Amino acid sequence: MKIRLFLAGALLATSALATTVLAKPVVIKFSHVVAENTPKGKMANRFKELVEKRLPGKVEVKVFPSAQLFGDNKVLEAMLLGDVQIAAPSLSKFKRYTKKLQVFDLPFLFNDMQAVEKFQKSPEGLKLLSSMQKKGLQGLGYIHNGLKQLSANTKVKTPADAKNLKFRIMASDVLAAQFQAIDAMPLKKPFSEVFTLLQTKAIDGQENTWSNIYSKKFFEVQPFISETNHGVLDYMVVTSTEFWSELPVDIRAEVKKSLDEAIIYGNKVAAEKAVKDRQRIIDSKRSEVVAISAAERKKWINAMRPVWKKFEKQIGKKLIAAAEASNQ
Ligand code: SIN
């Protein structure tokens, strides 16, 4: 009798425990490296708002900005270990998982953000979202930041002005080749270290968007920003294939819907910030925005364009052609 009672009690306790476990919300940790007041930061916060409104008690989103949880050099490894569920690294930071995304780093490939958007929405662009499935990563969408500008300690108008200068770059071989093509010295460093490297003059310059240059205060320690618009800095929102496939179908659909909406919002913020943050920097008078004439731009293109050929095999000729065609 005593044994039967004990067993019944144990059974009850187990099922109560199971209910508690089942009732626990799915936790999505979203880790990124930029400030909250940026296109990506605002997108992540909007995603949290939408998901928690639509799936109360079922899904909880914890957003970790400014590399508080993981830097971009660690976040994808952490994702594969299940320590983070969503991240949105710059498209320049995926080279360990696919060489194809290097297409976005090719200098002077896209004329403007409309072309970037068109390519990302094209069949070739959408296919790239699944290009890392075999490595355990699934792209869920793209989010814009914008076109990159070149900041430096000295006035840089032509490639010759950048010769021998040390530039921080993201961990991308294409970006390294881009600076080597103009006889400058590229240095791969995490985003979180850039301000100090600039402030201490350990490096001479860096390339980034208006939003990142403003939100990370690079303009306070860089007297010149050349308006080169030489490349794009956008992101892929990624998750692990394991986490994504294990989500219940109805929850997955709501999470994806929320993400799509958050991305539309983030892209709107990106377009506004590209204009407003540029103006804020000009108004601050801490840094001079250096205009690049059409003739000078031609010099940059001539110097950097050979980089395309160098990476053609790794990226694929057809993919480069599809990206270039989005300018039409
Ligand atoms: C980011 O915008 O996420 C970081 C970009 C960088 O590393 O420069």
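Note that this is a predicted model, so its numbers are computed, not measured. For ligands, and for the atoms within them, numbers begin at 1 and follow the listed sequence.
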Legend entry - Asp277 with Arg280: basic N within carboxylate O range, under 4.0 Å: yes

Legend entry - Proximal ligand 1 atoms for Val34, defined as those under 4.0 Å from one of its heavy atoms: 1 (C), 2 (O), 3 (O)

Legend entry - Salt bridge present between Glu49 and Arg46 (N-O < 4.0 angstrom): yes

Legend entry - Location of contacts on Leu233 toward ligand 1, heavy atoms closer than 4.0 Å: side chain

Inset, instruction - Indicate yes or no: does Lys256 engage Glu261 in a salt bridge with an N to O separation below 4.0 Å. - result: no

Legend entry - Protein contact to atom 7 (O) of ligand 1 [nearest heavy atom, distance to 0.1 Å]: Lys93 NZ, 2.7 Å

Legend entry - Distance filter under 4.0 Å to Met170 heavy atoms, resulting ligand 1 atoms: 5 (C), 6 (C), 7 (O), 8 (O)

Inset, instruction - Using a strict 4.0 Å threshold on nitrogen-to-oxygen distance, state whether Lys95 and Asp105 make a salt bridge. - result: no

Legend entry - Cationic tip of Lys155 above Phe224 ring, under 6.0 Å, 45° of axis: no

Inset, instruction - Taking only heavy atoms of Asn212 into account, list the atoms of ligand 1 that are under 4.0 Å away from them. - result: 1 (C), 2 (O), 5 (C)

Legend entry - Shortest heavy-atom approach to atom 8 (O) of ligand 1 - which of Arg168, Glu207, Lys188, Glu193: Arg168

Inset, instruction - Could you tell me whether Arg278 and Glu227 have a side-chain N and a carboxylate O separated by less than 4.0 Å? - result: yes

Legend entry - Ionic contact status for Asp204 with Lys166, cut-off 4.0 Å: no

Legend entry - Arg96 bridged to Glu77 by N-O distance under 4.0 Å: yes

Legend entry - Part of Thr209 within contact of ligand 1 (heavy atoms, under 4.0 Å): neither

Inset, instruction - Give a yes or no on whether a salt bridge exists between Glu312 and Lys309, defined as a side-chain N under 4.0 angstrom from a carboxylate O. - result: yes

Inset, instruction - Provide the number and element of each atom of ligand 1 under 4.0 Å from a heavy atom of Val33. - result: 1 (C), 3 (O), 4 (C)

Inset, instruction - Specify side chain, backbone, both or neither for Asn208, according to which of its non-hydrogen atoms lie closer than 4.0 Å to ligand 1. - result: side chain

Legend entry - Nearest-neighbour protein heavy atom for atom 6 (C) of ligand 1, which is reported as residue plus atom name and distance: Phe191 CD1, 3.3 Å

Legend entry - Geometric N/O contact Ser90 with ligand 1, under 3.5 angstrom: no

Legend entry - For atom 2 (O) of ligand 1, closest protein heavy-atom neighbour: Tyr235 OH, 2.5 Å

Inset, instruction - Distance to 0.1 Å, residue and atom name: give those for the protein heavy atom nearest to atom 3 (O) of ligand 1. - result: Lys40 NZ, 2.7 Å

